Amino acid sequence: MKTFHNPHHAAHAGQQEMFRGRMVPCHEVPARLDFVLAELQRRPLGALQTPEVDDAALDAAIGRVHSARYVDFLRGAWAEWVAMDPANAERDALPSVWPLSNRHGFRNDVLPANFAARLGLFSFDSGSPLTAGTWAAARGGAACALAAARDVSAGARSAFALSRPPGHHAGPDFLGGYCFLNNAAIAAQALRDAGHAKVAVLDVDYHHGNGTQTIFYERADVLTVSIHGDPVTEYPFFLGHADERGAGAGEGFNVNLALPRGTGFDTWRATLTTALQAVQRFGATALVVPMGLDTFEGDPISGFTLKSADYFAVGEALAGAGLPTVFTFEGGYAVEAVGTNAVNLLEGFQRSA
Ligand code: OKP
Ligand code: ZN
């Protein structure tokens with residue numbers, strides 16, 4: 001399989017995130033992607049290349065899953081942050097005031113002129129620093145997702161969009177969970193637009209893919225399935241429960257498989273079988289796998305106990321679906337192991353595909 005890697009990823013390098021009342025170093029760091037690239041050089045799976053997509057096509061693909069007002073905000077955010085105070089050039093932008101939802105009586109239909117307020121309007125946590133290079137990096141990641149989807153729709157069995165920041169928490173008009181543009185959703189939509197009638201997204205990151213779920217929640221043409229830590233105890237807390245099954249035309253086309261913190265590979269693998277059965281029943285013609293490696297036993301912010309060797313079996317099981325498959329790179333914060341774990345999964349897939 002080809003890997004499309006994001007040459008702009010390191011432009012996004014947050015300094016700190018808010019954690020339990022203090023600022024701590026970011027978990028989502030540029031070295032994560034460098035470890036995967038290095039491992040792909042040691043154990044090649046196919047061509048390693050940067051994406052070649054023209055600006056207009058990329059903007060269109062992003063606009064298929066994100067709102068215009070959100071994309072406009074993201075594109076201009078850093079300049080506005082610095083315009084608030086020139087000293088901000090040295091600091092990451094983080095929100096500190098949120099409208100919550102209409103349920104609380106707050107409005108989200110009036111765009112505040114104040115940038116700090118607008119940052120809160122478009123964010124759902126204080127752990128996702130926006131930096132000078134965030135837009136360039138996120139856009140470069142979307143280009144990888146689009147290039148991978150095109151490669152697969154042109155007949156490749158699989159392709160890997162190796163990019164950061166990750167994407168699966170980003171929704172139609174919000175950022176959060178280290179995510180800004182939803183690469184997996186962009187790939188899924190691009191596959192639909194290239195003629196795939198039914199696309200399934202099978203999210204194997206430790207955290208529920210709330211952004212992807214929300215983007216496709218009312219649609220019957222994209223099935224979203226996620227295996228993740230139970231949101232009763234795990235981030236993102238406010239979505240990812242089993243009773244969220246889709247709405248309207250999308251009723252029955254969202255599947256959440258939540259597992260308790262501490263779950264090991266036997267149970268996780270059985271749950272993957274359940275997830276793959278849902279993909280099969282749906283009749284998907286293409287698959288997108290938001291690939292988080294934070295299910296690893298050594299992950300510092302997660303709670304499953306998969307071992308490095310288990311990822312070969314995960315890849316093999318995913319190949320068993322027999323579908324053209326796009327992988328996007330999501331979580332995985334045991335930085336030194338993330339390259340091994342990612343390439344184990346992809347090698348397992350490729351070996352049995
Ligand atoms: C992203 B992905 C908030 C910190 C909470 C966020 C975890 C995001 C995981 N201050 N941590 O799904 O791997
Ligand atoms: Zn995660």
Side-chain angles (χ1 to χ4, degrees), residues 9 12 14-33 35-36 92-96 98 119-120 123-130 134 137-138 141 161-171 174-185 201-215 224-231 233-240 256-259 261 263 268 288-306 311 314 327-335 337-338 341-342 345:
H9 81 90
H12 175 72
Q15 299 169 37
Q16 296 178 304
E17 59 185 85
M18 174 77 89
F19 181 70
R20 297 185 184 166
R22 68 201 165 110
M23 301 306 289
V24 301
C26 286
H27 295 285
E28 203 291 289
V29 293
R32 299 177 58 245
L33 190 145
F35 272 100
V36 180
D92 298 344
L94 282 175
S96 54
W98 291 270
L119 181 57
S123 307
F124 71 87
D125 72 11
S126 58
S128 312
L130 194 153
T134 297
L162 174 54
S163 59
R164 52 166 296 285
H168 74 150
H169 296 298
F174 56 82
L175 64 90
Y178 316 151
C179 301
F180 299 85
L181 293 176
N182 194 314
N183 302 314
V201 180
L202 204 181
D203 189 321
V204 298
D205 186 278
Y206 179 76
H207 304 93
H208 174 245
N210 64 290
T212 322
Q213 170 172 318
T214 297
I215 287 169
T224 44
V225 184
S226 180
I227 306 172
H228 50 266
D230 191 336
T233 59
E234 306 307 299
Y235 186 93
F237 307 113
F238 307 110
L239 209 65
N256 283 329
L257 302 166
L259 298 169
R261 199 178 176 82
T263 294
W268 195 95
V288 176
V289 178
M291 184 180 70
L293 293 313
D294 44 8
T295 49
F296 179 55
E297 59 179 348
D299 197 89
I301 64 168
S302 308
F304 294 163
T305 62
L306 274 66
Y311 291 100
V314 176
F327 293 91
T328 62
F329 185 52
E330 306 291 340
Y333 307 100
V335 177
V338 78
N341 294 344
L345 192 157

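Note that ligands are numbered from 1 as they come in the structure, with each ligand's atoms numbered from 1 the same way. Not measured: the values here are computed from a predicted model.
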Looking only at protein heavy atoms, identify the closest one to [atom] and say how far it is in Å.
| atom | answer |
| --- | --- |
| atom 13 (O) of ligand 1 | Tyr333 OH, 2.5 Å |
| atom 10 (N) of ligand 1 | Met18 O, 2.5 Å |
| atom 4 (C) of ligand 1 | Glu17 OE2, 3.6 Å |
| atom 11 (N) of ligand 1 | Tyr178 OH, 3.7 Å |

(request) Check Trp268 against Thr295 and note the closest heavy-atom contact, atom names and distance. (result) NE1-CG2, 4.0 Å
(request) State, to 0.1 Å, how close Pro129 and Gly14 come at their nearest heavy-atom pair, and which atoms those are. (result) CG-CA, 3.9 Å
Pair [X], [Y]: side-chain N/O donor-acceptor within cut-off below 3.5 Å:
| X | Y | result |
| --- | --- | --- |
| His208 | Asn210 | no |
| Asp125 | Ser128 | yes |
| Thr212 | Asn182 | yes |

Below 4.0 Å, non-hydrogen atoms only: which portion of [X] touches ligand 1? Side chain, backbone, both or neither.
| X | answer |
| --- | --- |
| Glu28 | neither |
| Glu330 | neither |
| His169 | side chain |

Is any N or O atom of [X], backbone or side chain, closer than 3.5 Å to an N or O atom of ligand 1?
| X | answer |
| --- | --- |
| His168 | yes |
| Asp294 | yes |
| Asp125 | no |

(message) Show me which atoms of ligand 1 lie under 4.0 Å from any heavy atom of Gly177.
(response) 1 (C), 8 (C)
(request) Report, in ascending order of atom number, the atoms of ligand 1 lying under 4.0 Å from any heavy atom of Gly331. (result) 13 (O)
(request) Start with the C-alpha gap between Asp203 and His228, add the side-chain angles, then the distance that decides, and say whether side-chain hydrogen bond (donor to acceptor under 3.5 Å, both in side chains) holds. (result) CA-CA 8 Å; Asp203 189 321; His228 50 266; over 6 Å; no
(request) Would you mind naming the N, O or S atom of Asp294 nearest to the Zn ion (ligand 2)? (result) OD2
(request) To the nearest 10 degrees, calculate the angle at the Zn ion (ligand 2) involving OD2 of Asp205 and ND1 of His207. (result) 160°
(message) So, applying side-chain contact (heavy atoms from CB on, under 4.5 Å) with Tyr333, which one of Phe296, Tyr206, Tyr178 is it?
(response) Tyr178
